[in-house]
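Working notes for the structure below.
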There are 2 protein chains.
Amino acid sequence: MHSQNLINVITDALPSLNKSETKVARVILSDPDAATQSSIATLAKKAQVSEPSVNRFCKRFNAAGFPDFKLKLAKSLASGIRFVNRNVDPDDDVTSYTPKIIDSTINTLAMVRDKISHARVNLVVDKLIQAKRIYFFGLGASGSVARDAENKFFRFNLPVSSHDDVLMQRMLASTGGTGDVFFVISHTGRTKEVVEVAEIARGNGSTVIGLTAADSPLADMCTVTLDVDVPENTDEYMPMASRIVHLVILDVLATGVTLRRGPDFLPHLEKIKNSLKPTRYRAES
Amino acid sequence: MHSQNLINVITDALPSLNKSETKVARVILSDPDAATQSSIATLAKKAQVSEPSVNRFCKRFNAAGFPDFKLKLAKSLASGIRFVNRNVDPDDDVTSYTPKIIDSTINTLAMVRDKISHARVNLVVDKLIQAKRIYFFGLGASGSVARDAENKFFRFNLPVSSHDDVLMQRMLASTGGTGDVFFVISHTGRTKEVVEVAEIARGNGSTVIGLTAADSPLADMCTVTLDVDVPENTDEYMPMASRIVHLVILDVLATGVTLRRGPDFLPHLEKIKNSLKPTRYRAES
DNA sequence: ATAATTTGCGTAAGTTTACTACAATATTAG
DNA sequence: CTAATATTGTAGTAAACTTACGCAAATTAT
């Protein structure tokens, strides 16, 4: 539960405030940053009111007192500046669109972090551990996510593959059975082909895991769904944040599997890492 | 210019602190949120040190005093980074490793946001705009990044392709020339095959853009390098953060290209988006 | 219109909190 | 082992914050 930005709250409450409270609000809003650094006395003087008035003002906005209020204000400022204007404007230049895009990705990740169901993650790790075979399916942008997943999970010494060909997916889904895990990745969860494939796999007793939007047709079809609600506002014309979120969730799952495998498994990962050494130029140092 | 996160600063400084300062740091890092709400006395007691020690601790980190320190700490917390101990412990369970991994990704992105050279980004956008053809090259995990880039850039109505086959890359590199852009993605920048391919392309007068580690052999080979220094501590056994960073940077570049193309270009993107509609189940609402 | 009641605001006193100067202790180097 | 330096704590002081109380203004009822 994210608390609403304090500055907005104060602005909204402005009409319902009485005289001295309005004075205090004006001063704070005119320079919130300065407010966080001044003492109650300085602020009272600036607003031409008494110190207790400032204190009462703070309490009105659900703060324990003045210091607590300053703290909350500071937090609002820190998060506010970054998150307010997420959208890229047509006349932005590099220096503004670059941080905007990165910040919006960060923001989305922070949201997922707070909302993701740990129980579900755990359950999916269970299923992946128990799998005899894992297929990662995805189309379009999710195709490369699937491929990345393959690259990650083959390290667990399991038969893993990724597919972005619908016909291939259909065929594999229809020949699968108990012990097979179909890991279906889709941003919208509404692509017909993908939903159908999930249905076929499910019908044959395979486990179907969905990394997709909640309450989507695909989600309904899956044994377990890791649902991700990514606000669409950033993905104006191409999937951006959702892709990243999917990849990070796959990182989480891979970590989960590694931890379950226990320390005996680490040498195996080490071996894979070392296998690449001869392909590289040595680091000078 | 974004200021570095206080929590990270403290974590980094940890080894260089003396006894009582370390105690204070431990208490703060173990529960930063609680720290922002406690008085200097409470904190001193928790850390088993005297109040002035806490005060000195604050000053060491460029705060005017304890209250100012709390303010800065609060701001750091607000920016979305919570877990300090970024590394996953072998005995972590879902509820701890999930946020840890996400936070470490967030952290890395925040670092990139602050460090990335806008001039370079701009330059790369220039090159991409001018390109007659774009090839995205990557191996292993970077292979799927390259593919994702293809999926993004084909929308600009340019001949774009991605390749993760070394022989294919070699052949294409040797047949390229002026006007061709080879966009080479590599986490380490030290994979011999990749560096050689870059060399070949460069020799033929093509533009070679590197999305890779600074000061690496690959970086030396490129016309322009977007260098990304991702701390390795998270990528214990598989590339994690670097991949994400590469993708986000490609998002930034795609945005840059879109903006340069101007508003006349938006209908084209819209058309691509709409082309997918018939493949989807309609949203019930 | 005036009395009663509520609401708003400030004064002053009390309490907590934070800072400074200095002293004691520990640590290191010679 | 002693001197120098760095580190930590004690005590006092200043400041910042809160509370209690009371007056004044505004509102409402008579």
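Because the structure is predicted, anything quoted here is derived from the model rather than measured. Just so we're on the same page: letters track the sequence lines, and every chain starts at 1.
With respect to the salt-bridge test (charged N to carboxylate O, under 4.0 angstrom), the residues B/D68 and B/K59 do not qualify. Of the charged side-chain nitrogens involved, none lies within less than 4.0 Å of a carboxylate oxygen, so that B/K115 and B/D227 do not count as a salt-bridged pair.
To the nearest 0.5 Å, atoms CZ (A/R26) and CG (A/L17) are separated by 9.5 Å.
In this structure, A/N55 reaches the D/dT18 phosphate: one of its side-chain N or O atoms is under 4.0 Å from OP1 or OP2. Remark: A/K59 is not in phosphate contact with D/dC17, judged by side-chain N or O atoms under 4.0 Å from OP1 or OP2.
We find that CZ of A/F66 is positioned 16 Å from P of C/dT17, with the value rounded to whole Å. Atoms CG (A/L43) and P (D/dA15) sit 19 Å apart, rounded to a whole Å. The distance between atom CD of A/Q37 and atom P of D/dA16, rounded to the nearest whole Å, is 14 Å. Distance NZ (A/K70) to C1' (D/dC17): 10 Å, rounded to an integer number of Å. Distance B/I40 CD1 to D/dA15 P: 17 Å, rounded to the nearest Å.
Terminal axes of the helix from C/dA1-D/dT30 to C/dG30-D/dC1 (five pairs each, C1' rotation axis) are separated by 20°, to the nearest 10°.
The ring of A/F57 has its center no closer than 6.0 angstrom to the ring center of A/F66.
Among B/R56, B/E21, B/K23, B/K19, the single residue meeting the side chain to side chain contact (heavy atoms under 4.5 Å, CB included) criterion with B/V49 is B/K23.
B/T108 and B/T105 form no side-chain donor-acceptor contact under 3.5 Å, judged by distance and modelled atom types alone. At a cut-off of 3.5 Å, with distance as the only test, a side-chain donor of A/R260 or A/N122 sits close to an acceptor on the other residue. Counting only N and O atoms by type, the side chains of A/T255 and A/T258 include no donor and acceptor under 3.5 Å apart. Of the N and O atoms on the side chains of A/S104 and A/N107, not one donor lies less than 3.5 Å from an acceptor on the other residue.
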Assign a letter to each nucleotide of nucleotides 5-12 of chain D from its 5' end: B, base within under 4.0 Å of a protein heavy atom; S, sugar-phosphate only; -, no contact. --SBBB--
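Closest contact between the side chain of B/S39 and the listed nucleotides D/dC17, C/dT17, D/dT19 involves C/dT17.
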